[in-house]
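Everything below concerns the one structure shown next.
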Amino acid sequence: MSDNQHISGIVEHVIFRNEENGYMVLELNAEGILVTVAGELGEAEEGECLSLWGNYQNHPRYGEQFQAETCERKLPDTSVDIERYLSSGIIKGIRKALARKIVRMFGTDTFRILEQEPQKLMQISGMSQKKCDDIARESRQIFALRNMISYFDSYGMKSKYAVRAYRAWGADCREMLEKNPYLLCTDSVGMDFQKAELYAHALHVPKTSHCRISAGIIYILRHNTLLGHTCLPLDKLAAATVQFLEINETLFYETYQTELENGNLIEFVRNHREFIYLPEYYLAECVITERIGSLRQLSDSDIPADSVSKLIAETEQQAGIQYAEKQKQAIASALSHHMLLMTGGPGTGKTTTLNAMIYCLKEQGQRVLITAPTGRAAKRISDLTGYEAKTIHRLLGVQFESGIQKFIHHENNPLPCDVLMIDEVSMVDVLLFSSLLRALRTDCKLILVGDSDQLPSVGAGSLLKHLLESHCMPVIALKEIFRQAQQSCIITNAHRIINGEMPELSRKDNDFFFFHRTNFSQVSDLVLDLACTRLPQAYHYSPVRDIQIITPTKQGLLGTVALNKVLQARLNPPDAETSQVRSSLYEFRVGDKVMQTKNNYDIIWTKKNNINNTEKGTGIFNGDIGIILEINRRSHEVTIDFDGRMTVYPTSMLEQLELAYAITVHKSQGSEFEAVIMPLLGKMEKLSYRNLFYTAVTRAKKLLILVSTPAKIQQMIETVNQHQRYSNLKYMLWKECHHAKQDLSEIKPENKTASSPVSLSEPLSGM
């Protein structure tokens, strides 16, 4: 702290506040000089006195600012500042007029009265007993929260964690944390284990304590769910924990046994090997197994084969299409079986077949619902089929109880449908799929559609892979590329890639183009030129709405962060007429293309439908892309259009957004774009493999441009990602559906050759 500069003063005005991470921009009156201050200051309010350590920096647009690194706070001590503080609305029920009355009566003793003798507020004219009690209750909470924030500040912990901890445990929060500081790592607070370690060390909690080892085990398991594993083998979990916590195996196994008995861990034995789960992931795999097994027990439809053939023929006549034999098989299976999994790559007729299924099922009087994992995937299938599709989260409905996410539809409130169709099932993780199955009536038909060659879900599990390999349901694989699709080099090259062959790079007369560049700066310059000038001029594409840059990584010169900043500078540069607002990473302007980076179930949207009625709903989800229409700096609100869904974001939520001129391959899943530009250069060893390349190529509808080298493309194609995800779902499904014995020889022990849990110091790949 000695190397930093120090300022102190009174908060005059809060310009920007991010509730998620405590980042703020405010104006501080430092001895009569107004200073712009930025930093993670937490709950600072107008009228509050702050003592700050940090450094002055020159912002290219906003000029000199004080970047605060450390903050100490105290309540205002003059009547004027106390009145301003209370007038800010910090205590619910006290506005400007009442704040003035309170301070006139109690002066500088106001805070003591509010905290210790709130009943004296009854001396103020017009104060009712109910209002006095409400203010007293709110004051107790505010002062308790402020005390927690000050306590957290004293240990160098951010105020956002103090707020979460207080909301989770209330007035007992400090006492609970001092007994077990690793409670900070629970979902309720969400602090990183290493940060909780610093607090525990300051409290002199020994490294061998049960609470530390228990939290470390759970942290390692949860960290590995982010890498796709639903569980870990006990031997690998033990080795990782012993190394990470620097303890001996005896301590690990003692704690492990206790956590098993307490139900915080679940042990599943397969072929004499123990696999360890967090409870929610074990339950998810069990629910999937049980529900799939129940659907298998249902009898097939008794529709005569000739009636099915007749209905398919009527569908062909109505659509003016001659279906291929495999497509007819898929349609017939959808009509006769309670489950169907249809797979196929681009150009194999999945959507045409899905349309026929919907038509036939509706002709039978079936109620059909269609869903997809993301908003863009749902919109795409809606556009292609003409039937409404909803995201899975929107279909299930989301509500919160005590801060915990729950779905409205479940076993006791099932979805109102006879048939559920799930598109892009490769993107669905085991937690979400289990929630879907729980929301279906026991006799509801289930039709899954996906491309088995796409990337697996970002969430844990290898759902599509394990459904296919366990042979638990009828599968129709569409492989024939139809004649019309054969005219597209995007489609033919995609199939060449997934078959391990080099795409045709020399053609210049179709929809797939290759530019040979060997230098990072050359690649970046060409991408900019193509996106901003050449493609808009040649094809009349909108560089914002039609063209999408897709890259494997967030990092580096060709990562999304760097590309977004240079693309924004070219496509939407700052000027005096364009409003803009900042997050910690980006400056957002009216006209910018942005992406939501986390599920937000609460934000309200409105949408005008075809008959000019207004539809209202809630929820903008991870991967949704929109355009900023308006920035109102006075009300601190940003209006965004997400494919017709109009939303208003408070500026405090901007950390949930990223610029989206360039996005990662993982974020592009489930979407299609008129034109895709893909720069590929550099090692990117963990992101250079065939399925990722194939997924990116298949995002382009009409035009794909690769900027790379033949050697890099060959490396991508030759690298088959060997990373296996630890899971027992395939084993459970096989055992349930085929009534197999415990020691299944038919199931290869893929988990024994799966990659080891990633080192906890290793950064996650950019998704």
Side-chain angles (χ1 to χ4, degrees), residues 343-350 426 451-456 465 477-520 522-524 526-527 530-531 534-535 547-553 556 558-559 662-666 668-669 671-723 765:
T343 67
T348 58
K350 289 199 307 293
S426 63
D451 184 345
S452 57
D453 294 316
Q454 297 277 1
L455 290 170
K465 178 175 181 284
L478 303 179
K479 296 181 179 180
E480 178 187 352
I481 305 176
F482 288 95
R483 184 175 300 173
Q484 184 176 356
Q486 290 176 2
Q487 307 305 310
S488 167
C489 283
I490 294 174
I491 292 175
T492 56
N493 278 334
H495 285 272
R496 290 174 68 90
I497 290 166
I498 209 59
N499 290 327
E501 304 169 11
M502 280 288 286
E504 190 175 356
L505 302 178
S506 58
R507 288 189 62 174
K508 303 293 183 184
D509 60 344
N510 205 281
D511 54 5
F512 188 108
F513 294 91
F514 171 72
F515 288 85
H516 188 178
R517 296 291 187 276
T518 59
N519 177 277
F520 280 92
Q522 290 176 347
V523 174
S524 179
L526 179 57
V527 168
L530 288 167
R534 292 167 66 172
L535 295 188
I547 299 171
Q548 185 63 59
I549 288 85
I550 298 179
T551 180
T553 180
L558 300 180
I663 62 176
T664 63
V665 180
H666 286 87
S668 74
Q669 283 182 270
S671 300
E672 279 190 339
F673 307 95
E674 294 294 300
V676 168
I677 304 171
M678 187 177 187
L680 283 175
L681 206 62
K683 288 187 177 181
M684 298 181 296
E685 292 174 352
K686 294 188 177 180
L687 295 168
S688 295
Y689 55 92
R690 186 186 300 172
N691 293 88
L692 184 138
F693 187 29
Y694 169 80
T695 300
V697 168
T698 54
R699 300 308 90 203
K701 288 172 65 176
K702 295 181 179 178
L703 183 66
L704 176 77
I705 297 178
L706 288 177
V707 186
S708 184
T709 67
K712 180 63 184 178
I713 292 172
Q714 186 168 355
Q715 179 206 356
M716 297 280 286
I717 293 169
E718 290 179 350
T719 305
V720 179
N721 187 16
Q722 297 296 329
H723 176 75
S765 57

Gap between atom [atom2] of [Y] and atom [atom1] of [X] - 0.5 Å precision:
X: T492; Y: D511; atom1: OG1; atom2: CG; value: 7.5 Å
X: D451; Y: I498; atom1: CG; atom2: CD1; value: 7.5 Å
X: Q715; Y: S688; atom1: CD; atom2: OG; value: 4.5 Å
X: T343; Y: D453; atom1: OG1; atom2: CG; value: 8.5 Å

Contact summary for [X] and [Y], nearest pair of heavy atoms:
X: P346; Y: H495; answer: O-NE2, 2.8 Å
X: L680; Y: M716; answer: CD2-CE, 4.0 Å
X: I491; Y: I481; answer: CG2-CG2, 4.0 Å
X: Q454; Y: S426; answer: CB-OG, 3.7 Å
X: K702; Y: I490; answer: C-CD1, 3.9 Å
X: A696; Y: M678; answer: CB-SD, 3.4 Å

Determine whether [X] and [Y] make a side-chain contact, defined as any pair of heavy atoms from C-beta on separated by less than 4.5 Å.
X: L706; Y: F693; result: yes
X: H666; Y: L692; result: yes
X: F512; Y: L505; result: yes
X: N691; Y: P456; result: no
X: R507; Y: C489; result: yes
X: I713; Y: S708; result: yes

With [X], the side chain to side chain contact (heavy atoms under 4.5 Å, CB included) member among [options]:
X: Q669; options: T664, L455, T698; result: L455
X: F673; options: I547, I550, L703; result: I550
X: I705; options: L535, V676, I549; result: L535

message: Tell me whether K479 at atom NZ has more than 12 heavy atoms from other residues, nucleotides or ligands lying less than 6.0 Å away.
response: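 At most 12 heavy atoms, drawn from other residues, nucleotides or ligands, come within 6.0 Å of this atom.
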- request: Determine, stepwise, if the pair R699 / T695 fulfils side-chain contact (heavy atoms from CB on, under 4.5 Å).
  value: CA-CA 7 Å; R699 300 308 90 203; T695 300; 4.2 Å; yes
message: Check for me whether K350 meets the cation-pi criterion with F482, that is, NZ or CZ under 6.0 Å from the six-membered ring centre and within 45 degrees of the ring axis.
response: no
Short side-chain to backbone donor-acceptor contact, K465 and S452, under 3.5 Å: no
Heavy-atom donor-acceptor pair, S524 side chain to F520 backbone, under 3.5 Å: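 The answer is no, because no donor-acceptor pair under 3.5 Å joins these two groups.
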message: Could you go through T709 and H516, starting from their C-alpha distance and side-chain angles, then the distance that decides it, and tell me whether this counts as side-chain contact (heavy atoms from CB on, under 4.5 Å)?
response: CA-CA 5 Å; T709 67; H516 188 178; 3.9 Å; yes
task: Begin from the C-alpha positions of L530 and V707 and carry the test side-chain contact (heavy atoms from CB on, under 4.5 Å) through to its verdict.
output: CA-CA 10 Å; L530 288 167; V707 186; 4.3 Å; yes
